[in-house]
Amino acid sequence: MIDGQHIPEEDLALYALGAFDEVREAADIAAMKAHLASCGNCNQALAEVNGDLALLALSVEQLPLPAGASQRFMERISAEQRPAASPAVHSVPVPDRAATGASLKHPNGAVASGGVPSKTPLPFPATSARSSVSVALPWMLAAAMLAAAVYLGSEVSQLRASRDLARAESVRLAVEADRAKEVLEVLTAPAAQQVTLTQGKGTPAPMGRTSYMPSKGALVFMASHMPSLPASKAYELWVIPANGHAPMPAGTFRPDEQGTASVLLPPLPAGIPAKAFGVTIERAEGSPVPTSPIIMSGS
């Protein structure tokens with residue numbers, strides 16, 4: 001097993017693949033572990049083999065196996081590792097020396113008494129454990145790399161899915177942050193019109209507050225103490241232009257259980273100053289023009 005002072009690279013590869021115990025005797029296994037415990041060079045070589053196997057597995061493109069490929073692969077390994085049948089040895093009857101009283105002469109010239117050649121070679125084929133290991137090693141390496149590639153492919157897929165989710169969440173948060181920044185600008189800008197809408201006398205009276213930036217067409221509306229409405233109805237906010245044009249719809253809203261509601265940055269054209277704002281009750285999907293009296297207004 002140990003060539004001179006160090007372990008051969010082939011045995012290190014078997015050890016890295018976990019196959020050394022299957023092709024070596026117990027004494028070789030013990031000697032390998034003892035040598036690794038004391039030899040820094042062999043430990044370094046083993047680490048390099050492990051690194052090479054990992055890099056080779058990472059370089060494999062992740063493709064689905066063809067149907068039946070795994071079964072054919074295992075059958076081929078089994079066929080190559082199966083030892084060839086030993087040639088049949090036919091026994092030759094030996095004449096009884098006592099009966100014949102003669103000697104048999106071997107074809108090579110040696111004469112043995114009793115009819116048995118003195119130096120006849122045994123007809124058993126020589127086998128090499130090392131050569132069988134050399135034949136099986138490439139397939140064992142391929143199997144290990146295939147398993148590592150499948151495992152790493154699964155890990156990479158999970159990491160990609162996590163990365164995509166993180167990117168989507170980052171985009172969502174960025175959009176929300178931009179929207180919150182714009183809402184704050186509308187509420188605090190000196191050029192914004194600050195108008196309070198009331199219904200009239202009542203305790204507590206419904207109230208709405210509008211911040212509007214005509215230059216940007218940006219509007220934020222906050223309402224409180226709004227009565228609830230049937231499911232088929234909704235409140236609709238209107239911008240009444242200062243140029244005398246028809247009211248522009250600025251979005252529908254329905255109050256929550258506490259009577260609060262809001263309309264944030266509805267799609268409005270820029271550059272239209274407002275003379276006043278109003279609220280009507282319309283159908284749930286809204287209306288392009290007011291169809292009922294204004295119940296709240298402010299200018």
Next item on the list: Would you please name every residue forming a salt bridge (charged side-chain N to carboxylate O under 4.0 Å, His left out) with Arg160, sequence neighbours left out?
Entry: none

Checklist line | Verdict with reasoning, Ile7 to Met32, per side-chain contact (heavy atoms from CB on, under 4.5 Å) | finding: CA-CA 8 Å; Ile7 301 172; Met32 162 78 86; 3.2 Å; yes

Checklist line | Distance, nearest 0.5 Å, that separates CG of Leu237 from CE of Met248 | finding: 10.0 Å

Note to self: Tell me every residue that passes salt bridge (charged side-chain N to carboxylate O under 4.0 Å, His left out) with Arg283, counting only those two or more places apart in sequence or in another chain.
What the structure shows: Glu285

Check: Gln44: what forms a side-chain contact (heavy atoms from CB on, under 4.5 Å) with it, not counting sequence neighbours?
Finding: Glu48

Next item on the list: Considering only NZ, NE, NH1 and NH2 on the basic side and carboxylate oxygens on the acidic side, decide whether Arg172 and Glu169 come within less than 4.0 Å.
Entry: yes

Next item on the list: Identify the two heavy atoms, one from Val239 and one from Ala274, that lie closest to each other, and give their separation to 0.1 Å.
Entry: CG1-CB, 3.7 Å

Margin query: Please report the interatomic distance CG(Leu187) to OG(Ser211), rounded to the nearest 0.5 Å.
Written below: 4.5 Å

Next item on the list: Please report the closest heavy-atom contact between Ala284 and Ala231, naming both atoms and the distance.
Entry: CB-O, 3.7 Å

Note to self: Other residues, nucleotides and ligands only: do more than 12 of their heavy atoms fall within 6.0 Å of CD on Glu9?
What the structure shows: no

Next item on the list: Run the numbers on Val186 and Leu265 for side-chain contact (heavy atoms from CB on, under 4.5 Å), then give the verdict.
Entry: CA-CA 9 Å; Val186 174; Leu265 304 177; 4.1 Å; yes

Check: Among all residues two or more places apart in sequence or in another chain, which pass the side-chain contact (heavy atoms from CB on, under 4.5 Å) test with Asn41?
Finding: His6, Cys39

Item checked: Closest non-hydrogen atom pair, Gly271 against Pro273 -> O-CD, 3.5 Å

Next item on the list: Enumerate the residue pairs fulfilling salt bridge (Lys or Arg N to Asp or Glu O under 4.0 Å) with a member in residues 286-299, sequence neighbours excluded, ordered by first and then second residue.
Entry: none

Next item on the list: Would you check if the side chain of Arg254 reaches a backbone N or O of Lys233 as a donor-acceptor pair within less than 3.5 Å?
Entry: yes

Below 3.5 Å, can you tabulate the donor-acceptor pairs from side chains in residues 215-227 to any protein atom, sequence neighbours excluded?
from   : atom 1 : to     : atom 2 : distance (Å)
Lys216 : NZ     : Glu185 : OE1    : 3.4
Lys216 : NZ     : Glu185 : OE2    : 2.7

Checklist line | With sequence neighbours excluded, residues passing side-chain contact (heavy atoms from CB on, under 4.5 Å) with Ala246 | finding: none

Notebook entry, point to check: To the nearest 0.5 Å, how far apart are OG in Ser170 and CG in Leu165?
Noted result: 12.5 Å

Notebook entry, point to check: Between Ile294 and Tyr235, is there a shared hydrophobic cluster once you connect ILVMFWY residues whose side-chain heavy atoms come closer than 4.5 Å?
Noted result: no

Next item on the list: Give the C-alpha distance, both sets of side-chain angles, the deciding distance and a yes or no for side-chain contact (heavy atoms from CB on, under 4.5 Å) between Asp178 and Glu182.
Entry: CA-CA 6 Å; Asp178 290 342; Glu182 190 173 357; over 6 Å; no

Note to self: Quick test of your reading: applying salt bridge (Lys or Arg N to Asp or Glu O under 4.0 Å), list the pairs with at least one residue in residues 261-274, sequence neighbours left out, ordered by first then second residue.
What the structure shows: none

Checklist line | Interatomic distance, Ile29 atom CD1 to Asp11 atom CG [nearest 0.5 angstrom] | finding: 11.0 Å

Check: Of all heavy-atom pairs between Arg179 and Leu264, which one has the smallest distance, and what is that distance?
Finding: NH2-O, 2.8 Å

Check: For Glu257, which residues count as a salt bridge (charged side-chain N to carboxylate O under 4.0 Å, His left out) partner, sequence neighbours excluded?
Finding: none

Next item on the list: Treat each ILVMFWY residue as a node, draw an edge where side-chain heavy atoms are under 4.5 Å apart, and state whether Val195 and Val263 are in one component.
Entry: yes

Item checked: Side-chain touch Leu268/Ile272, heavy atoms, less than 4.5 angstrom -> no

Next item on the list: Just jot down the side-chain hydrogen bond (donor to acceptor under 3.5 Å, both in side chains) partners of Gln258, sequence neighbours excluded, or say none.
Entry: none

Next item on the list: Could you name each residue pair satisfying ring-ring contact (aromatic ring centres under 6.0 Å, His included) that touches residues 258-299, not counting sequence neighbours?
Entry: Tyr212-Phe277

Notebook entry, point to check: For residues 267-280, which residue pairs qualify under side-chain hydrogen bond (donor to acceptor under 3.5 Å, both in side chains), counting only residues two or more places apart or in two chains?
Noted result: Trp238-Thr280, Thr280-Glu282

Notebook entry, point to check: Hey, does Pro249 have a side-chain heavy atom less than 4.5 Å from the side chain of Glu236?
Noted result: yes

